[in-house]
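Since the structure comes first, as structure tokens, the remarks are kept for the end.
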Amino acid sequence: MSKPAIAKGTRDFLPSEVIKRNYIFDHIKEVFKTYAYLPIETPAIELLQTLTGKYGDEGDKLLFKILNNGDYLAKANPEALANKNSNAMLSSISKRGLRYDLTVPLARYVSMHQNDIQFPFKRYAIQPVWRADRPQKGRYQEFYQCDADMVGSDSLMYESELLQILDTVYSRLNLDVVIKLNNRKILQGIAEVTGQSDNFIGVTVAIDKLDKIGRDKVAIELTNLGMNDNAASTILDLIEIHDIDLIATKLSDSETGMLGVSEMKEVMDYMSDYTLNNKIEFDFTLARGLSYYTGCIIEVVADTETYPDLKMGSLSGGGRYADLTSMFGLKDMSGVGVSFGAERIYDVMEECNLFPESVTKSIDIFFVSFDTESHRYAYKQVSALRGMGVSADLYPDAAKMKKQMKYAHGTGAPFVAIIGSDEVEANVIAVKEMTTGDQGNYSLSQLVEKLKL
RNA sequence: GUAGUUGUAGCUCAGUUGGUUAGAGCGCCGGUUUGUGGUUCCGGAGGCCGUGGGUUCGAGACCCACCUUCUACCCCA
């Protein structure tokens, strides 16, 4: 017999953990529905041709590939096999892989079903994704993403809508966050006015590290790109601005930059009547893996003022991608979306004790009994309660009271019903409140009243 | 992919310069007060010491390889 183990980067969940995870999923789903996003599902398995090349070279390495069925080596590229060249052999032994995120499957879905859906298409999906990454704090190989995306409109109303979704979900979870906002066009504007348009990617990669490695080291990275100290410090001065009007005065020479500014202003204008529960701030250092974002960029982190000791990456991310579906042959489909990292939200809520007490309650009442006759009586009471929507359970036989009570305690039930010959005779239910130890007799209907309170 | 780190009972971990039969706490099971848990006392079960190889009279301990855990980097939720 082999020792039980599970694959690295994956986890089992205890009932109490699943209940708490569902608490998060339910709140997110509820808000998605309120904002009129519709659910879709896509398979865990996608064709590798769908997945590869969408996440950059790094992403391709992190894709889980599925070996072809049958005698796959017999059909492998003989040259690659002889040379032990895994990369060259891959296409001949693996056609499929596990999805890496929910956005690329969405693009595939929209392209395939463009005749069956109407645009703007608003969909949400809460499904697991897989990445062959090195596991770390808050990083797993299998984790859930909760995405809401809109495809098929340029309107900045949707940016505003998604910001409200973020704000609503986190306030309902009672988790204080800071919503950070940027626009890739503003980043481009900064590169333009400092004469670094050719270095755009390098510049954004460098400035994205600002809060991690500090101003001096970013300045070194910038000068390494070939610009002089002056340009580097101008860039640093610009990105450290947090005021949209101030940045506007600096970017007046860049058409793209000014477009970014006006987009941001319009988004905020849509928000003007909405009362935010969380902080929202402009952060021009925000770059977020530039793979497909073209406009607004959003990132959510836990508020360090409320949780000073917390160390956790971003909890949500999102943004506008002007042309996601063209890789699948559908042109001119602008989209915008946000994604909730449920695992990290769970970890933060656990660490900061943010799950309400009531979430952990699994059942309403547990029954124990003293002998065969009272056991049968108890079972009838349990059935009746279940019929009325009360979550009730009964120990399967009249074992020793200590053993039954211990099990009852372990269920987490707030009340335990104790049934012996006295109760059967009087046709009552003796109910003990576990936290206080108080005990009293109730009729079935009285008990239902008590439990429904 | 790079660097470090970890692996001993179900869980958390001790285990001396290599030396008889590998320990503790918690948990689990049983008994103890005959209608009451979390919180009495007593007893018991449970270990290929990550896997494979090597050094040695002798390895949980030393060496090599692989696997695994956690962490930082890269990248990302």
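Order of the sequence lines sets the chain letters (A, B, ...), proteins ahead of strands, with each chain counted from 1.
- When distances run from any side-chain atom of A:M405 to the nucleotides B:rC76, B:rU36, B:rC74, the shortest one goes to B:rU36.
- Of the candidate nucleotides B:rG1, B:rU68, B:rC74, B:rG1 has the atom nearest to the side chain of A:R134.
- Under the stacking definition used here (centres under 5.5 Å, planes under 30°), the residue A:F370 fails to qualify as stacked on the base of B:rG35.
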Protein-proximity profile, nucleotides 25-33 of chain B, B/S/- by nucleotide at the 4.0 Å heavy-atom cutoff, equals ---S-SSB-
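- Rounded to a whole Å, the NZ atom of A:K8 is 14 Å from the C1' atom of B:rU71.
- Across the protein-nucleic acid pair, A:K217 atom NZ and B:rC73 atom C1' stand 12 Å apart, rounded to whole Å.
- Within the nucleic acid shown, A:G138 comes within 4.0 Å of at least one base atom, counting heavy atoms only.
- Heavy atoms from other residues, nucleotides or ligands lying under 6.0 Å from OH of A:Y379 number 12 at most.
- Counting atom types as modelled, A:H409 pairs a side-chain N or O with a base atom of B:rG37 as donor and acceptor under 3.5 Å.
- The same atom, P, is picked in B:rG30 and in B:rU68; the two are 38 Å apart, to the nearest Å.
- In this structure B:rC74 sits in no base pair that meets the Watson-Crick or G-U test at under 3.5 Å.
- Residue A:S316 is tested with A:L162, A:V338, A:V169, A:V300 for a side-chain contact (heavy atoms from CB on, under 4.5 Å); the sole match is A:V300.
- A:Q446 CD: more than 12 foreign heavy atoms inside a 6.0 Å radius.
- Remark: the A:Q404 side chain and the B:rU36 base include no donor-acceptor N/O pair separated by less than 3.5 Å.
- Here A:Q136 reaches the OP1 or OP2 of B:rA72: one of its side-chain N or O atoms lies under 4.0 Å away.
- A 6.0 Å sphere centred on NZ of A:K95 holds no more than 12 heavy atoms belonging to other residues, nucleotides or ligands.
- Using the Watson-Crick or G-U wobble rule with both distances under 3.5 Å, B:rU56 pairs with nothing in any strand shown.
- Among the atoms of the strands shown, none is found under 4.0 Å from any heavy atom of A:Y144.
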Using the rule given for salt bridge (charged side-chain N to carboxylate O under 4.0 Å, His left out), can you reason through A:R172 versus A:E30, listing the C-alpha separation, both sets of side-chain angles and the distance that settles it, and then say yes or no?
CA-CA 10 Å; A:R172 287 199 190 167; A:E30 220 28 64; 5.9 Å; no
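- Summarising the local packing, CZ of A:F13 is surrounded by more than 12 heavy atoms from other residues, nucleotides or ligands at distances under 6.0 Å.
- Nearest-nucleotide positions on RNA chain B place A:K61 closer to the 5' end than the other of A:K61 and A:Q439.
- Listed in residue order, the members of residues 412-426 of chain A having a heavy atom less than 4.0 Å from RNA chain B are A:I418, A:D422, A:E423.
- Nucleic acid contact class of A:L315 (heavy atoms, under 4.0 Å, all strands): sugar-phosphate only.
- Distance A:M401 CE to B:rU36 P: 8 Å, rounded to the nearest Å.
- Within the shown strands, nothing qualifies as a pairing partner of B:rA9 under the Watson-Crick or G-U definition with both distances less than 3.5 Å.
- Nucleic acid contact class of A:K432 (heavy atoms, under 4.0 Å, all strands): base.
- Classification of A:E350 and A:K20 as a salt-bridged pair holds, one side-chain N sitting under 4.0 Å from a carboxylate O.
- Sorted by first then second residue, the side-chain hydrogen bond (donor to acceptor under 3.5 Å, both in side chains) pairs that include residues 134-147 of chain A, not counting sequence neighbours, are A:W130-A:E142, A:D133-A:R139, A:Y140-A:D347, A:D147-A:S339.
- Residue A:E373 places its CD atom among 12 or fewer non-hydrogen atoms of other residues, nucleotides or ligands, all under 6.0 Å distant.
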